[in-house]
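One structure is given below, encoded as structure tokens.
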Amino acid sequence: MSWPHLPADFDGSYDSAWIWLPNTLYDPHKGHDLYREYINTLAYAEELGFDGVCVNEHHQNAYGLMPSPNIIAGALTQRTHRIKIAVIGNALPLYNPPLRVAEEFAMLDVMSNGRLIAGMVVGGGPEYFTYAVNPTTAAKNFARRLTSSSRRGQLQAPFCGTRNTTISAM
């Protein structure tokens, strides 16, 4: 979900659309319309016969206005009935504790009646910069947090998904 409202002189006036893109280029009224259009388009995929849709996580850039794909996935659980909803993914090195991701995926699993495809990713440079994550330890933290989240997801706790959710690490 990119921001289509960059100024005409963007290439000549700004270094990058990643990380240090100024907030002054964002208009919340246009953002409201864009999120509505984006959710409508994803929901329309079901009418067109698609098997599933994907939402992904990106931070502080004009190419991905979705710092929390779980919120969009939650909206889609209420607008669709058949298609799979793939969250590709939650960048585990950014979450402390990662149990939050497991709980949200369990909630989405139940809300979607088992249509969730849950992906967890290592993340990348822009996210590490934004959240002050050391890239040399991100992969190790990802593995540790994935193990922790998976172990918690197998427990019979109040918020464990009970449907047929696919969980994968990417």
Side-chain angles (χ1 to χ4, degrees), residues 1-2 18-21 23 26 28 31-32 34-36 38-39 42-43 45-46 51-170:
M1 177 181 164
S2 60
W18 286 87
I19 303 172
W20 47 79
L21 185 70
N23 288 335
Y26 183 77
H32 169 82
L34 186 61
Y35 280 116
R36 186 182 66 241
Y38 188 66
I39 291 168
L42 289 169
E46 183 169 85
D51 294 326
V53 293
C54 296
V55 293
N56 65 341
E57 177 176 334
H58 283 295
H59 300 268
Q60 279 188 281
N61 69 76
Y63 302 117
L65 297 175
M66 203 177 310
S68 181
N70 299 356
I71 292 174
I72 301 296
L76 290 170
T77 68
Q78 303 305 296
R79 296 279 310 276
T80 61
H81 305 289
R82 181 191 51 78
I83 60 172
K84 297 279 188 181
I85 302 168
V87 178
I88 313 293
N90 282 238
L92 285 185
L94 308 182
Y95 294 89
N96 191 16
L99 177 58
R100 176 68 184 232
V101 174
E103 289 176 325
E104 288 183 13
F105 278 163
M107 187 175 173
L108 288 169
D109 179 42
V110 172
M111 289 172 64
S112 70
N113 198 25
R115 296 180 292 129
L116 176 67
I117 299 172
M120 290 169 267
V121 299
V122 175
E127 284 81 19
Y128 298 162
F129 180 84
T130 300
Y131 281 85
V133 171
N134 182 342
T136 65
T137 60
K140 182 172 73 174
N141 287 338
F142 172 78
R144 181 175 46 79
R145 289 176 177 167
L146 179 63
T147 301
S148 175
S149 295
S150 299
R151 190 177 321 114
R152 292 203 192 322
Q154 294 170 359
L155 300 175
Q156 294 302 313
F159 239 146
C160 291
T162 57
R163 304 295 178 186
N164 297 318
T165 294
T166 301
I167 301 202
S168 62
M170 298 171 194

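Treat the numbers as computed from the prediction; the structure is a model and nothing was measured. Below, each value reflects all heavy atoms present in this structure, side chains not excepted, and no hydrogens, waters or symmetry copies.
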Legend entry - CE-OH distance between M66 and Y38, expressed to the nearest 0.5 angstrom: 3.5 Å
Legend entry - Donor-acceptor contact below 3.5 Å, side chain Q60 vs main chain L21: no
Inset, instruction - List the atom of P69, the atom of V87, and the distance in Å for their closest heavy-atom pair. - result: CG-CG1, 3.7 Å
Legend entry - Minimum side-chain heavy-atom gap L76-V55 below 4.5 Å: yes
Legend entry - Closest contact, heavy atoms only, G52 versus I83: CA-CB, 4.0 Å
Legend entry - Closest non-hydrogen atom pair between C54 and L42, with its separation: O-CD2, 4.3 Å
Inset, instruction - Give the ring-plane orientation class for W18 versus H58, where under 30° counts as parallel, over 60° as perpendicular and anything between as tilted. - result: perpendicular
Inset, instruction - Would you mind reporting whether I117 and I85 have side-chain heavy atoms less than 4.5 Å apart? - result: no
Legend entry - Distance-minimising heavy-atom pair for R82 and D51: NH1-CA, 4.2 Å
Legend entry - ring pair (Phe, Tyr, Trp, His ring centres under 6.0 Å) partners of Y35, counting only residues at least two apart: none
Legend entry - Between CG on residue L65 and CD1 on residue I72, distance to nearest 0.5 Å: 10.0 Å
Legend entry - Under the side chain to side chain donor-acceptor pair (under 3.5 Å) test, residues paired with E57 that sit two or more places apart: H59, Y95
Legend entry - side-chain contact (heavy atoms from CB on, under 4.5 Å) partners of S68, counting only residues at least two apart: N70, I71
Inset, instruction - Give a yes or no on whether the backbone of T80 and the side-chain of R115 come within a donor-acceptor separation of less than 3.5 Å. - result: yes
Legend entry - Rounded distance [0.5 Å steps], CD in Q78 versus OG in S112: 9.5 Å
Inset, instruction - Identify the two heavy atoms, one from H81 and one from E46, that lie closest to each other, and give their separation to 0.1 Å. - result: N-OE2, 2.9 Å
Legend entry - Results of side-chain contact (heavy atoms from CB on, under 4.5 Å) for A75 - residues two or more places apart only: I39
Inset, instruction - Keeping to residues at least two apart or across chains, list the salt bridge (charged side-chain N to carboxylate O under 4.0 Å, His left out) pairs with something in residues 89-102. - result: R100-E104
Legend entry - Partners meeting side-chain contact (heavy atoms from CB on, under 4.5 Å) with N134 (sequence neighbours left out): T136, T137
Inset, instruction - Nearest 0.5 Å please: distance from the OG1 atom of T77 over to the CG atom of D109. - result: 11.0 Å
Inset, instruction - Quick one: closest heavy-atom pair of V133 and P93, and the distance? - result: CG2-O, 3.9 Å
